Engineer: 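Sharing a structure with you now.
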Amino acid sequence: MTEKVTLVRRDNLPMPMILLVSPEDLADWYAQQLLGTLERGERVLSISCFDTAKTMGVDMGRAARAVLKAVTDVLYDHPEAESLTIFCGDDASHRAYSFYWNMLYAESKPNHGG
């Protein structure tokens with residue numbers, strides 16, 4: 001399942017107009033978006049993530065962990081999904097999501113030098 005996930009840094013992503021108060025609310029919102037996409041018969045999935053500390057006052061690390069757990073749960077529950085691309089609209093979200101993906105889900109860990 002984890003091989004289905006790709007993280008991409010991309011500029012000029014449209015930011016969703018949502019107001020949520022916790023990482024868990026954000027994670028649930030993303031999971032519902034993916035489930036709706038699957039119900040429409042689409043199998044190539046994507047979400048767009050942003051610096052939640054700036055936009056919502058929510059810690060990026062907590063948000064990344066909660067969102068990654070929610071979206072991987074959707075993938076585990078729906079093996080018909082072919083792929084999930086996580087687009088990160090800024091450096092902070094890309095760093096946080098990449099860090100927690102590599103720490104928690106990646107089959108092989110990147111070399112951090114040393």
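Remember, it's a predicted structure, so these values are computed and weren't measured experimentally.
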Engineer: L34 and S46: which non-hydrogen atoms are nearest, and at how many Å?
Structural biologist: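 Taking every non-hydrogen atom into account, CD2-O, 4.0 Å.
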Engineer: Do side-chain atoms of T52 reach the backbone of V58 as a donor and acceptor pair under 3.5 angstrom?
Structural biologist: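 A pair under 3.5 Å: yes.
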Engineer: Once rounded to the nearest 0.5 Å, what's the spacing between atom CG of L68 and atom OH of Y30?
Structural biologist: 10.5 Å
Engineer: Kindly indicate, with the supporting measurements, whether the criterion side-chain contact (heavy atoms from CB on, under 4.5 Å) is fulfilled by V67 and Y100.
Structural biologist: CA-CA 10 Å; V67 169; Y100 285 103; over 6 Å; no
Engineer: List the residues meeting side-chain hydrogen bond (donor to acceptor under 3.5 Å, both in side chains) with D73, not counting sequence neighbours, and say none if there are none.
Structural biologist: K69
Engineer: Does some side-chain heavy atom of V71 sit less than 4.5 Å from a side-chain heavy atom of V5?
Structural biologist: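 With C-beta onward as the side chain, the pair stays apart.
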Engineer: What's the spacing between E42 CD and E80 CD if we round to 0.5 Å?
Structural biologist: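 Separation between the atoms: 12.5 Å.
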Engineer: For the side chain of K4 and the backbone of L75, is there at least one donor-acceptor N/O pair under 3.5 Å apart?
Structural biologist: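 No, the answer is negative, given that no donor and acceptor are paired below the 3.5 Å cut-off.
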Engineer: Run the side-chain contact (heavy atoms from CB on, under 4.5 Å) test against R62 and tell me which residues pass, sequence neighbours left out.
Structural biologist: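 Only P23, E24, D59, R65 meet the side-chain contact (heavy atoms from CB on, under 4.5 Å) criterion with R62.
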Engineer: Only counting residues at least two apart or in another chain, list the ones meeting side-chain contact (heavy atoms from CB on, under 4.5 Å) with D28.
Structural biologist: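 Q32.
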Engineer: Only counting residues at least two apart or in another chain, list the ones meeting side-chain contact (heavy atoms from CB on, under 4.5 Å) with E82.
Structural biologist: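 Partners of E82 under the side-chain contact (heavy atoms from CB on, under 4.5 Å) test: R43, V44.
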Engineer: Before giving the answer on side-chain contact (heavy atoms from CB on, under 4.5 Å), spell out for L45 and T85 the whole-Å C-alpha distance, their side-chain angles and the decisive distance to 0.1 Å.
Structural biologist: CA-CA 6 Å; L45 309 174; T85 302; over 6 Å; no
Engineer: Quick one: are Q33 and I47 in side-chain contact, heavy atoms under 4.5 Å?
Structural biologist: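 Side chain of Q33 against side chain of I47, heavy atoms only: no contact under 4.5 Å found.
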Engineer: Quick one: pull up SG in C88 and CZ in R10 and give me the separation to the nearest 0.5 Å.
Structural biologist: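 Rounded to the nearest 0.5 Å, the SG-CZ separation comes out at 11.0 Å.
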Engineer: Give me each pair satisfying salt bridge (charged side-chain N to carboxylate O under 4.0 Å, His left out) with a member in residues 89-101, each pair once, sequence neighbours excluded.
Structural biologist: R9-D91
Engineer: Do the side chains of F87 and C49 get nearer than 4.5 Å, heavy atoms only?
Structural biologist: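 No - every pair of side-chain heavy atoms lies 4.5 Å or more apart.
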Engineer: Distance check, rounded to the nearest 0.5 Å: D51 atom CG versus S93 atom OG?
Structural biologist: 6.5 Å
Engineer: Tell me, do V74 and L35 make a side-chain contact under 4.5 Å, heavy atoms counted?
Structural biologist: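 Contact flag for V74/L35 side chains = yes.
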Engineer: Applying side-chain hydrogen bond (donor to acceptor under 3.5 Å, both in side chains), name anything that partners T37, two or more places apart in sequence or on another chain.
Structural biologist: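 Counting only residues at least two positions away or on another chain, T37 forms a side-chain hydrogen bond (donor to acceptor under 3.5 Å, both in side chains) with R40.
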Engineer: Would you check if the distance from the ring center of W101 to the ring center of Y105 is below 6.0 Å?
Structural biologist: yes
